[in-house]
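Take a look at the structure set out below.
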Number of protein chains: 2
Amino acid sequence: MSIRTTMADVARESGVSLMTVSRVINGKVDVSEDTRQRVLEVIDRLDYRPSGIARSLATRRTGTIGLVMPDVSNPFFSDVARGVTTAAYREDYNVFLCSSEEDSHRELDLLHSLEEKRIDGLILCSSRLADEVLAAALANFPSAVLVNRRWRETGVGTVLADDETGARMLVAHLLHSGRRRIGLLAGPPMSHSGSARLRGYQRALATAGFSCEDALVQPCAPVVNGGLDAALTLLAAQPQIDALFCYNDLVAVGALQACARLGRRVPDDVAVAGFDDIPLAALMTPALTTCRVPRYELGVRATEVLLTQIDGRPGECCEVVVPVEMVVRASAP
Amino acid sequence: MSIRTTMADVARESGVSLMTVSRVINGKVDVSEDTRQRVLEVIDRLDYRPSGIARSLATRRTGTIGLVMPDVSNPFFSDVARGVTTAAYREDYNVFLCSSEEDSHRELDLLHSLEEKRIDGLILCSSRLADEVLAAALANFPSAVLVNRRWRETGVGTVLADDETGARMLVAHLLHSGRRRIGLLAGPPMSHSGSARLRGYQRALATAGFSCEDALVQPCAPVVNGGLDAALTLLAAQPQIDALFCYNDLVAVGALQACARLGRRVPDDVAVAGFDDIPLAALMTPALTTCRVPRYELGVRATEVLLTQIDGRPGECCEVVVPVEMVVRASAP
DNA sequence: CTGTTAGCGCCTTCAT
DNA sequence: ATGAAGGCGCTAACAG
């Protein structure tokens, strides 16, 4: 496989010119059925596979998109990734996967590398970049879709879950079941979900006539250990807390562990609610009350919006908001 | 961003030739510090980013690798993927992620698309392809590493977990704790882990002087529902079973659900053991006895082996076997 | 140290 | 319906 067979080989072998081969490969109509068959036969026999690189240089299209996310192994994002790869596959695109490991320096670095790869479009999930930095980076891509980050610029698609509504429903549910001191383990403020879930929490309290105390809001890394640490801290500082609304399910799992460690029974002493409804949520003991976010669909929709933009039909559906659904289980009945 | 700035622009702007710019970009030494600075300044000012496509066409290297796996959203593979992307990032490679969704037709299709993309190397995880088909496909890549599939061909790297040893330890542990009718929920026979774990099961039984009955071996899809269905079937057919050795942790979770549904207590009536030690395993109730497989490391090692091959140092470390470690928890004490 | 000449493999445009 | 010429943006040889 050191020296690849090229279009010239196929042309020579089938006694036609390069252009004819090219036409056959690209399914142009103006080729006689006769020569088409002959060329196809040679292509098959030589196991010829056209060079996407050369083609890309000539057409200025690569048939690739970039997918950047904070952590592929986070079950939320791995579902998004599956949606993206599946939708991309349908339209014959390949996907560059980049995991920034929650590091915004690396995130920017990855965006630069994708720029050099001349991807046709970018899907950027839960970007941690500051607005100006993000704006500068996005400007260098022919088209882009942001997942989980609100963005006003035209030409940039946006796919969001309805996090605020979900958070309001969940906190209203906690209040309705008699909880009065509801702590929040808050997520990344730069992400839409982080700020929207906080907002939903605040609004639900306000609507019910309660004040929102800063002391009940604890910043928290969006993973199990983040939830464990934050819950331990918050419960120590505010022992009268009777419910924890957690940024996501992973955090909620950490919160469950913290409660167990502190001897607080769930849900009797402390109710716990998560967000996302990752598969884990239903399997915990007690099973987690949470809000279902259609992660796979987020990935699919983001890809569809992006490919639509790439095909030069921008404008339409520039901001997609997908609904979420409360799921009540044992951790906060 | 419609018309990209090119090397010619940089050359003109800084009053040098194309080659000098090229040299600066590629860090060649034979450029005077003076002109280097001038060129760098222009590159920075114009925010010039070289075209990887053009460069690839000229150098016949793309700086990309392909990663093909059955399912990105499976926690096993998403950890592998994180290892691959991280190791690739270190060496300045980008990763094409392909999820075959457990469909071997699609898997082959994805391999073809990667061929056209002219990737420098391929990492193929748990391929479900038949030997001849796989051999033909691999021949078209400059280098390749298989994860979780044994392969004898030279020039193809291989990274495996020591599944057989792990399975033997686990089954020996079950026997040691007094279990006598041990059912197996078996995984994909085409994968190394599927066959190796079966072999470990058989050998552990044989070593202890027990026969291995086919009736105790139930084929099973490698996901939660697969485990649920298979366990229901097997426990119905063989009610005297007192332990289930499951292909992986997801299957074990399904088995736990089946036991709950059938009113069999775990571990009192039936012990359950999984494999992989995904994060979920420790969080289940009862927590799963399992075998820790270093998934992230598998991805890192596979990438290292691949990049070593790409750099033209083949031969060395063509088959890497990473050790596993038994983790005893409540589901099979 | 710097520039010139040829491609890399394919597609676009214009002829035929 | 088919072919010839030129170029996509960059780098590998050679010159100078």
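Residue numbers begin at 1 in each chain, while the letters A, B, ... track the order of the sequences.
- Separating the CG atom of A:L57 from the P atom of D:dT11 is a distance of 12 Å, rounded to the nearest angstrom.
- A nucleotide of DNA chain C counts as in contact with chain B when one of its atoms lies under 4.0 Å from a heavy atom; the first and last such, 5' to 3', are C:dC1 to C:dG9.
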CA sep, side-chain torsions, deciding dist, call: A:R4, A:D47, salt bridge (Lys or Arg N to Asp or Glu O under 4.0 Å): CA-CA 10 Å; A:R4 280 232 166 226; A:D47 196 26; over 6 Å; no
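- Contacts of residues 14-24 of chain A with DNA chain C (heavy atom under 4.0 Å): A:M19, A:S22.
- The nearest whole Å value for the distance from the CD1 atom in B:I53 to the P atom in D:dT11 is 13 Å.
- Between the CZ atom of B:R55 and the C1' atom of D:dA12 there is a distance of 14 Å, rounded to whole Å.
- The distance from atom CD of A:Q37 to atom C1' of D:dA1 is 16 Å, rounded to the nearest whole Å.
- Side-chain atoms of A:N94 do not come within 3.5 Å of backbone N or O of A:T64 as any donor-acceptor pair.
- Note on A:T35: only backbone sugar-phosphate atoms sit closer than 4.0 angstrom, heavy atoms only; bases stay farther off.
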Query raised in the report: Which is it for B:S127 and B:E107 under the side-chain hydrogen bond (donor to acceptor under 3.5 Å, both in side chains) test, yes or no, and what are the steps along the way?
Result: CA-CA 8 Å; B:S127 175; B:E107 181 182 343; 2.6 Å; yes
Between B:S32 and B:D34, does the side-chain hydrogen bond (donor to acceptor under 3.5 Å, both in side chains) criterion hold? Intermediate values first, please.
CA-CA 5 Å; B:S32 79; B:D34 206 43; 5.3 Å; no
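- Proximity of B:V300 to B:T86: side-chain heavy atoms (C-beta onward) are nowhere separated by under 4.5 Å.
- Salt bridge B:E33/B:R36: present, at least one basic N to carboxylate O contact under 4.0 Å.
- One finds no side-chain N or O of A:R118 lying less than 4.0 angstrom from the OP1 or OP2 phosphate oxygen of D:dC8.
- Of the two residues near DNA chain C, B:S32 and A:A8, the one whose nearest nucleotide lies more 5' is B:S32.
- Taking each heavy atom of A:I119 and A:G66 in turn, the nearest pair found is CD1-N, 3.7 Å.
- When each of B:Y93, B:F96, B:Y89 is checked for a ring pair (Phe, Tyr, Trp, His ring centres under 6.0 Å) with A:F96, only B:F96 meets the rule.
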